[in-house]
Amino acid sequence: MQDTELLHEGLALMGLGMGFVFVFLTVLVISVTLMSKLIGRFQPAPVASPARGKSVKSSASKEADDEVLAVISAAVHRYRSSRRR
Amino acid sequence: MQDTELLHEGLALMGLGMGFVFVFLTVLVISVTLMSKLIGRFQPAPVASPARGKSVKSSASKEADDEVLAVISAAVHRYRSSRRR
Amino acid sequence: MQDTELLHEGLALMGLGMGFVFVFLTVLVISVTLMSKLIGRFQPAPVASPARGKSVKSSASKEADDEVLAVISAAVHRYRSSRRR
Amino acid sequence: MEKLITLWEGSGLYNLELGQAVMILVGLGLLYLAIYKKFEPLLLVPIGFGGILANIPEAGLAISALDQAIHVANPAVLQQMASTLGATLDPLASVEAWRETLVYLVNDGASPDQLRAARDVATNVGYSDGLLYVFYSLAITTGIAPLIIFMGVGAMTDFGPLLANPRTLFLGAAAQFGIFATVFGAVGMSAMGWMDFSINQAAAIGIIGGADGPTSIYVSSMLAPELLGAIAVAAYAYMALVPLIQPPIMRLLTTKKEREIAMTQLRPVSKLEKIVFPLLLLVLVALFLPDAAPLLGMFCFGNLMRECGVVERLTDTAQNALINIVTIVLGLAVGSKLMAESFLALETLGIMGLGIVAFGIGTSAGVLMAKLMNLVSRMPINPLIGAAGVSAVPMAARVANKVGLESNPHNFLLMHAMGPNVAGVIGSAVAAGVMIKYLG
Amino acid sequence: MEKLITLWEGSGLYNLELGQAVMILVGLGLLYLAIYKKFEPLLLVPIGFGGILANIPEAGLAISALDQAIHVANPAVLQQMASTLGATLDPLASVEAWRETLVYLVNDGASPDQLRAARDVATNVGYSDGLLYVFYSLAITTGIAPLIIFMGVGAMTDFGPLLANPRTLFLGAAAQFGIFATVFGAVGMSAMGWMDFSINQAAAIGIIGGADGPTSIYVSSMLAPELLGAIAVAAYAYMALVPLIQPPIMRLLTTKKEREIAMTQLRPVSKLEKIVFPLLLLVLVALFLPDAAPLLGMFCFGNLMRECGVVERLTDTAQNALINIVTIVLGLAVGSKLMAESFLALETLGIMGLGIVAFGIGTSAGVLMAKLMNLVSRMPINPLIGAAGVSAVPMAARVANKVGLESNPHNFLLMHAMGPNVAGVIGSAVAAGVMIKYLG
Amino acid sequence: MEKLITLWEGSGLYNLELGQAVMILVGLGLLYLAIYKKFEPLLLVPIGFGGILANIPEAGLAISALDQAIHVANPAVLQQMASTLGATLDPLASVEAWRETLVYLVNDGASPDQLRAARDVATNVGYSDGLLYVFYSLAITTGIAPLIIFMGVGAMTDFGPLLANPRTLFLGAAAQFGIFATVFGAVGMSAMGWMDFSINQAAAIGIIGGADGPTSIYVSSMLAPELLGAIAVAAYAYMALVPLIQPPIMRLLTTKKEREIAMTQLRPVSKLEKIVFPLLLLVLVALFLPDAAPLLGMFCFGNLMRECGVVERLTDTAQNALINIVTIVLGLAVGSKLMAESFLALETLGIMGLGIVAFGIGTSAGVLMAKLMNLVSRMPINPLIGAAGVSAVPMAARVANKVGLESNPHNFLLMHAMGPNVAGVIGSAVAAGVMIKYLG
Ligand code: NA
Ligand code: NA
Ligand code: NA
């Protein structure tokens, strides 16, 4: 490749690349803003959502939690009895 | 494949498949029953087995247990000292 | 392969192999001894090293520790509240 | 400017075909079911997402380097590929026609040697296999992924309730009638001219009635890979729907009195029995149905690791890290088969319809078998646990328990239903073996 | 005696070339930086160690069976290989000359079929692919390893701060100017005759400025695999140097007053927004830049698994066992590219120099963009968080926070900086897609 | 009816050969040893189970698609395969004779190209590689599995005791005499005409005396893959038997007084020494024995990850998820070599006999070396710890400790024995390197 051609290639890539990155992220900004507004309208209480999230999680990972609880309680028990020794 | 031939194929597969499934599981029922009886005769106390299982486990996973214990005790210790802070 | 040739091969492998193993491990013994001396000279307090090692670790795995701590404290909390129930 | 045009002509929007758009919506729909309706999310989240990835225009994530080159390469490369395939492209035809010719050659006319050469051309000019295609080749074509998952399922399965009451194996056998009735239904639909299923395809569809994801995927990857996407989706979706599908059927086929039958408490099962059971099952498989050996062999291996008590490290890995890794890869790989041309066909509707019928018939057969056993045996069996014979572990057993509690709030059937439930896993693997034997 | 000579002539010391010795020292240097300076040790420990392994003379850990045979096989095997490659070796030339001829044939003249045949000769006489070569083929050539790591990164990323303040995406966009300025710098150096980078190589070098390890590795494995070793080392080393590189630039481009700007607290973001975001991003990628689909697709998949809350098993595996396993394999595989002939070149110095420039320009662009946004918008933005737009998650965000605290000890910018920080990940993946689109 | 006959003729019982039945019993025997006698269960459970799977008649789990097709395909397919192999099948001969001809052609006469073509025929008509065959190809032929396991072992090894007393490396060297004496024994048996071992096979057998599973598997996969099954079983079985094999030899070769020797307490070893050691070892391997680089390189890598303290995530994965996954795959793959034709041979008995001799000689050499060192050195060494030089980590060190306690209940040798114990790992890897150098 000739030097000037290479420089042109580089310049074109720079312009096009930065341009595309900005256009794409602008579209993303707009979409995200719209999406958040839409969700805010139909599900107006973001404050409620952590609670909801939690309840979802607690039902979904109930078993895992129980297991962890069992493991920990067994461990604590063991730890205590071992200290008594 | 002709339509009737296809139907015949399907019918044959159904008969043979269900037949085989039943025969196989029947053999399995008989084998399992015999196996349980044999084991019951030579090792008559299934009540003892949990205990035995436990002791096996405790020796096999002794190291793992110790490690867990160490981790937990360290964690509890850390937790306590962090609360004191 | 002729029998005697095979025997010769085996004998050669034995001599060479044992010889090489010894030479290699002798070189290793010498290198390790030198290395330990060098390190001992420039960093004379091996007693200090556990402490240093610990501090390295505590900074490196700080986050992991915090996470463990969080998990454990949550677990202990859950365990306690569950016992209260 | 020319570059801008390239960018636009290479964009998804420019190339988006209707089918792809629809399939992306289907993928989003599966994610909705998985996330909000909790339809087997462990599988349907990766499958749904994989389905979307597979349908991104021009990205070629789900196709091979060769297919990708045929789809997007420039005319010179196309001609080079054609010459390795022993054909010449009509210089007067359009490039689109050339691509079609190449697709035809690759799928029908070419020898393995020619395909290798054409593939070499494609990779030499820089095309590479899509990620999901690689996953499919590594995980499903080799059979590794469903078999490893089955091993993990074995490591999570407790055969205690089954060993305490081996007769419940008959319930697991009866429920497989759903499979074979569906096969017959599928060939029937073809004979009627409604659909166009071959006998292999019918068998792969029938196995949906086995209510076992890995078994379904394994069988359809061997007998009808072109239907794998639809079959896997149907299998997991209906498994998730078990709490809706089964109860009405169970109530219809039983009297309130039958549903109130209390079962005698299960005897304790010794450790040794639990260790011997997977080996016994393996030996029977070896003697009578070698074609089920990969599936049941890996299942028994997982279970033996669990019960033997001396390889806890391995059991733990089989139940966690390994099965999770394989699940991610398998799910994405299955998603790669959710491509418009194969999924958006009438056949998919047929599969969905037949799948639900399969579950219904399996449920009925299990319940009726339990009633039959009550006629010939003294020890009473609550017919509700027959419904658990379709497997869908442990969902179907929980359903049996719940329906039982409705009639008698003190009658806990869960443990009793676990017997037929795991028997159903064995039953459908045996059915899979029979089908592979004849049609594989 | 003859055997002793063989042993000596097969030893590393006898065969050690200067370049290999230097590269072993480079590997030890990387380990020093990783272990004592904490330069991204998770990657640099495997990369450094892999670099040492790759340069052990005669061991051939980083090369294929074919290359290994060419390098060490006896003359008879060399002649056999030459004949499969359609060449004859000059009987008067030395064996070393024969080896060189074969290297030339394999790299330039031979067809895929001939290479396969030559490879068959090598494996038939007992040569096999080196371990690191196998890792490279499995993990990097297929793209699996960087994509799986990107999935894990997605599973560890919280888009909450970004969703609370989407405008910070512009900061993540601006910081990508580091990438493209570096590309132009690299072609400039070539035009000046200082270096000899092709446009593809320049693009791969530029992506170092994206400050994202997996993205850099993915792009350079596609556009310039011969530079992968140097690029990966530069990418991870400079990411570790972010706390040294960025602060002076940040201070230079901002007034004390600007650095003291307090930002309004972020609004809480609902679970649903977090679930929808990865899907929205995926759909936009599908519509506008399919070439970024592998990278951003896997990233979004990881993030969706994290946020959907119903596949915790899979999320946990993606964040731990899976990403760790892949990191070990990827690191060793990248190390296999630290071979003397390709690494000890002037180009590597150029890459290291350009890499630091890339980070600097990216940082500046992010800061200046934030200042520009302050001119046109009411809601104040502390320009320091613009520097976090280069990604290097979460290091750059912490740097922004730290520099901010220096000016105002009550101004915690960490959460605000996380927005541009993760935006930078998306930005550089988009930039990667554009480059692959044009040059891939 | 015809179908019923097919079912019966395809069943295991109809096709069961005596050898397969015996091998299934051997597999069950290994499981018994693993589960009830705790013989290295982590490896012997998968190996034993894999051995059973490999011998299920007609299932073909341990063979390639090509072998499977030769074994069970119909005459038309056989003829097609023969033509790709450049042969014609005698139309008057039986189908069984045809199969034998094909087996002969595939193993001896055919070129790689012809094999590829024959394989294409087999896969085109639907045969596929068995699961265990796939595991073997991926995990053992490439060397990946034993090397990853060795990395995990490195990540679990503490070189502290060795560094505190480097002279114990000589004990680890001496104990390797068991390896080479066994090699000589094996060629001796062949020279006598009792067995028919080649020098490569003798070397692979000898390495059993190294008492290191992964090293044995790695070496025999390179030098004598046909013996891999027997060698792996012998290696793991005898490692489990160390507490029975060693004590009598140790007591025989030492006086009570020697066994009572108390050793001076080990000095504390600094973190830095532990970090430098794996790098030092690696450099020595690079300089003097590149053929040991894969084994010792991965071992040192694991150990460096452990000691450097900055990659705990990776160390944890190397010690747990990764090594467990690879162990499952490796075990099943080794089991695939427990096929009747190769295992049920006189050679296996020879291997078992030689293996135990290897352990005995290694133990003796270690003990005698310790006594020799006591003659030339001031610092006293309890000769019992010499027995730990065979490796079998940490079993042999525990045995030394236990035998020591018998003589003097206050003399804890465990830490002192860990030095030669881990030295034995290095020693046998070096021995492996020498053998691969000459014979590979
Ligand atoms: Na089932
Ligand atoms: Na970036
Ligand atoms: Na050893």
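In the text below, chain A, chain B and the rest are named by the order of the sequence lines, each starting its count at 1.
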### Task
Anything under 30° is parallel, anything over 60° is perpendicular, the rest tilted; go ahead and classify F:Phe159 against F:Phe299.
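Rings of F:Phe159 and F:Phe299: perpendicular, over 60°.
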### Query
Looking at E:Ile325, E:Ile149, E:Ile323, which one forms a side chain to side chain contact (heavy atoms under 4.5 Å, CB included) with E:Leu330?
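Passing option: E:Ile149.
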### Task
Report the distance from atom CG of F:Leu295 to atom CE of F:Met151, rounding to the nearest 0.5 Å.
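Reported value, rounded in 0.5 Å steps: 13.5 Å.
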#### Entry: Under 4.5 Å from a heavy atom of chain E, the part of F:Leu147 involved
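For F:Leu147, side-chain heavy atoms alone lie under 4.5 Å from chain E.
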### Query
Which atoms of F:Leu279 come close to chain E, meaning under 4.5 Å heavy atom to heavy atom: side chain ones, backbone ones, both, or neither?
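Looking at F:Leu279, just its side chain touches chain E.
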### Message
Under a 4.0 Å threshold between the charged nitrogen and the carboxylate oxygen, would F:Asp113 count as salt-bridged to E:Arg116?
### Response
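Result for this pair is no, no salt bridge flagged.
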Which answer fits [X], side chain, backbone, both or neither, if we ask what part of it has an atom under 4.5 Å from a heavy atom of chain F?
| X | result |
| --- | --- |
| E:Ala34 | backbone |
| E:Val134 | side chain |
| E:Tyr127 | neither |
| E:Leu16 | side chain |
| E:Ile52 | side chain |

### Task
Using the six-membered ring of F:Tyr136, assess whether NZ or CZ of F:Lys337 lies under 6.0 Å from its centre and within 45 degrees of the ring axis.
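Here F:Lys337 passes the 6.0 Å and 45° test against F:Tyr136.
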### Task
Would you mind telling me which of E:Asn124, E:Leu42, E:Leu132 has the largest number of heavy-atom pairs within less than 4.5 Å of chain F?
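Option with the greatest count: E:Leu42.
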#### Entry: E:Thr315 and E:Glu312 side chains, donor-acceptor separation under 3.5 Å
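No donor-acceptor contact under 3.5 Å links the two side chains.
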### Query
Do E:Asn320 and E:Asp316 meet the criterion of a side-chain donor-acceptor pair at a distance under 3.5 Å?
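Their side chains do contain a donor-acceptor pair, which is all the 3.5 Å distance test asks for.
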### Message
Among F:Leu304, F:Thr317, F:Leu322, F:Thr142, which residue has the highest count of heavy-atom pairs closer than 4.5 Å to chain E?
### Response
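Counting heavy-atom pairs under 4.5 Å, the top option is F:Thr317.
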#### Entry: Top contributor to chain E contacts, counting heavy-atom pairs under 4.5 Å, from F:Asp291, F:Val285, F:Ile144, F:Val283
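Highest number of heavy-atom pairs under 4.5 Å: F:Ile144.
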